[in-house]
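Worksheet for the structure shown next.
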Amino acid sequence: SDWKFISFDQNAPSYPNLIKITNTQYRPVDFMPLCGRVVSKPGYSTFAEALRLDIPIVSLTRNDFAEGELLLTGLRDYSCHQIIAPEEFLGEDWDFLEKPLIAPRKTEKLAKNGSETIAQEILNLF
């Protein structure tokens with residue numbers, strides 16, 4: 001109850017501290033600036049947006065996604081993070097929320113102008 005959560009899962013249970021976003025015009029990135037951390041499974045878009053906004057990520061492991069380990073390696077290198085097993089996420093006790101985040105292994109920062117770079121390259125084609 002000390003935490004507020006935002007979910008886009010229409011089937012999520014109703015809890016007083018869970019805000020369900022039902023309007024499909026919104027995307028998770030629209031709410032990320034309001035969050036102290038993102039809890040997610042590995043995914044390109046989610047990780048890229050959270051890294052761009054410097055929002056820590058709590059990631060579940062994802063064995064059914066070929067690039068999952070590669071994304072988790074990048075997470076370890078460039079973001080404050082935690083990596084948890086799906087069983088820990090699905091359990092009743094979310095102690096991981098009270099544990100400190102792990103600092104990134106690398107001190108160099110990622111470039112955060114990828115969207116602009118891609119847009120400029122497209123304009124250069126025309």
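At a threshold of 4.5 Å between non-hydrogen side-chain atoms, the residues T73 and R105 count as touching.
Closest non-hydrogen pair, P104 versus S79, comes out as CB-N, 3.5 Å. In this structure, L97 and R37 approach most closely via the heavy-atom pair O-NH1, 3.5 Å.
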Item to complete: Give the C-alpha distance, both sets of side-chain angles, the deciding distance and a yes or no for side-chain contact (heavy atoms from CB on, under 4.5 Å) between I83 and R76.
Response: CA-CA 9 Å; I83 298 173; R76 288 180 185 102; 3.5 Å; yes
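Atom CG of L34 sits about 5.5 Å away from atom CD1 of I6, to the nearest 0.5 Å. Taking OG of S45 as the reference point, atom CZ of R27 lies at 9.5 Å (rounded to 0.5 Å). The distance from atom NZ of K20 to atom CZ of F8, rounded to the nearest 0.5 Å, is 13.5 Å. For the atom pair OH of Y78 and CG of L51, the computed distance is 10.0 Å after rounding to the nearest 0.5 Å. Separation of atoms CG (L60) and CZ (F96) is listed at 7.5 Å; rounding is to 0.5 Å. In this structure, I102 CD1 and H81 NE2 are separated by 4.5 Å, a value rounded to the nearest 0.5 Å.
Not a single donor-acceptor pair under 3.5 Å links the side chain of E49 to the backbone N or O of M32.
The side-chain contact (heavy atoms from CB on, under 4.5 Å) test applied to S59 returns P42, F47, I57, L72, L75, not counting sequence neighbours. For Y15, there are no ring-ring contact (aromatic ring centres under 6.0 Å, His included) partners two or more places apart in sequence or in a different chain. In this structure K112 satisfies the side chain to side chain donor-acceptor pair (under 3.5 Å) test together with D54, sequence neighbours excluded. Remark: W3 engages no residue in a ring-ring contact (aromatic ring centres under 6.0 Å, His included) (not counting sequence neighbours). By the side-chain contact (heavy atoms from CB on, under 4.5 Å) test, D64 is found to be paired with R62, residues two or more places apart in sequence or in another chain being considered.
Linking Ile, Leu, Val, Met, Phe, Trp and Tyr residues whenever their side-chain heavy atoms come within less than 4.5 Å places L18 and F89 in a single cluster. No chain of hydrophobic side-chain contacts below 4.5 Å, direct or via other Ile, Leu, Val, Met, Phe, Trp or Tyr residues, connects L123 to I118.
Each of I55, T46, L53, V38 was compared with V29 under the side-chain contact (heavy atoms from CB on, under 4.5 Å) criterion, and only L53 meets it.
The 12-atom threshold is exceeded at CZ of F65, counting heavy atoms of other residues, nucleotides or ligands nearer than 6.0 Å.
The side-chain hydrogen bond (donor to acceptor under 3.5 Å, both in side chains) contacts involving residues 117-126 comprise Q120-N124, where partners must be two or more places apart or lie in separate chains.
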